[in-house]
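Below, each value reflects all heavy atoms present in this structure, side chains not excepted, and no hydrogens, waters or symmetry copies. Being a predicted model, the structure only gives us computed values, none of them experimental.
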Amino acid sequence: MHYLQIAEDKYGSDELAGLVSNGLSLLGLDSYRTIRVSTRKNRISIGFKSLEDANTTRTIAGIPLHPRNKTFRSRDVSQFVLDLYSVATTSINNVA
């Protein structure tokens, strides 16, 4: 099995999908249908029901918005996880 290292920890595809799911839920972006992670290629694909959630996820990742595509894709899942949790942590800290 192939793993990606983020900070000091190593994650498999299923673990990363779980982390992404939790991070999206923390931000209220829960319209996703699928989360596919390839640790071998360092890629992620998330299928959303809501275009707004897909575009919000693109904004978090610094990817240009798309007027109709409900699928988010990134070629750097490691960076996306870091960006996602940075936004989620900031959001939680601002509410508290």
[atom1]/[X] to [atom2]/[Y] distance, rounded to the nearest 0.5 angstrom?
{"X": "Thr59", "Y": "Asp83", "atom1": "OG1", "atom2": "CG", "answer": "11.5 Å"}
{"X": "Leu4", "Y": "Ser13", "atom1": "CG", "atom2": "OG", "answer": "7.5 Å"}
{"X": "Gln79", "Y": "Ile6", "atom1": "CD", "atom2": "CD1", "answer": "9.5 Å"}
{"X": "Asp14", "Y": "Ser21", "atom1": "CG", "atom2": "OG", "answer": "12.0 Å"}

Is there a donor-acceptor contact under 3.5 Å from the side chain of [X] to the main chain of [Y]?
{"X": "Ser31", "Y": "Ser50", "result": "yes"}
{"X": "Thr57", "Y": "Asp53", "result": "yes"}
{"X": "Thr89", "Y": "Tyr85", "result": "yes"}
{"X": "Gln5", "Y": "Ala7", "result": "yes"}

Would you mind listing every ring-ring contact (aromatic ring centres under 6.0 Å, His included) that reaches into residues 6-49, with sequence neighbours excluded?
none
Cluster overlap Ile63 with Leu65, hydrophobic side-chain contacts below 4.5 Å
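In one cluster: no.
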Quick check: do Asn55 and Phe72 have side-chain heavy atoms less than 4.5 Å from each other?
no
Can you tell which of Val37, Leu24, Thr34 makes a side-chain contact (heavy atoms from CB on, under 4.5 Å) with Ile46?
Leu24
Give every residue pair that meets the side chain to side chain donor-acceptor pair (under 3.5 Å) criterion with at least one member in residues 61-77, sequence neighbours excluded.
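Non-adjacent pairs meeting side chain to side chain donor-acceptor pair (under 3.5 Å): Asn42-Asp76.
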Minimum heavy-atom distance between Thr39 and Gly12, given as atom pair plus value
CG2-C, 3.7 Å
Using side-chain contact (heavy atoms from CB on, under 4.5 Å) as the criterion, list what pairs up with Leu27, not counting sequence neighbours.
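Leu27 satisfies side-chain contact (heavy atoms from CB on, under 4.5 Å) with Leu29, Ile60, Leu84, Val87, Ala88, Ser91 once adjacent residues are dropped.
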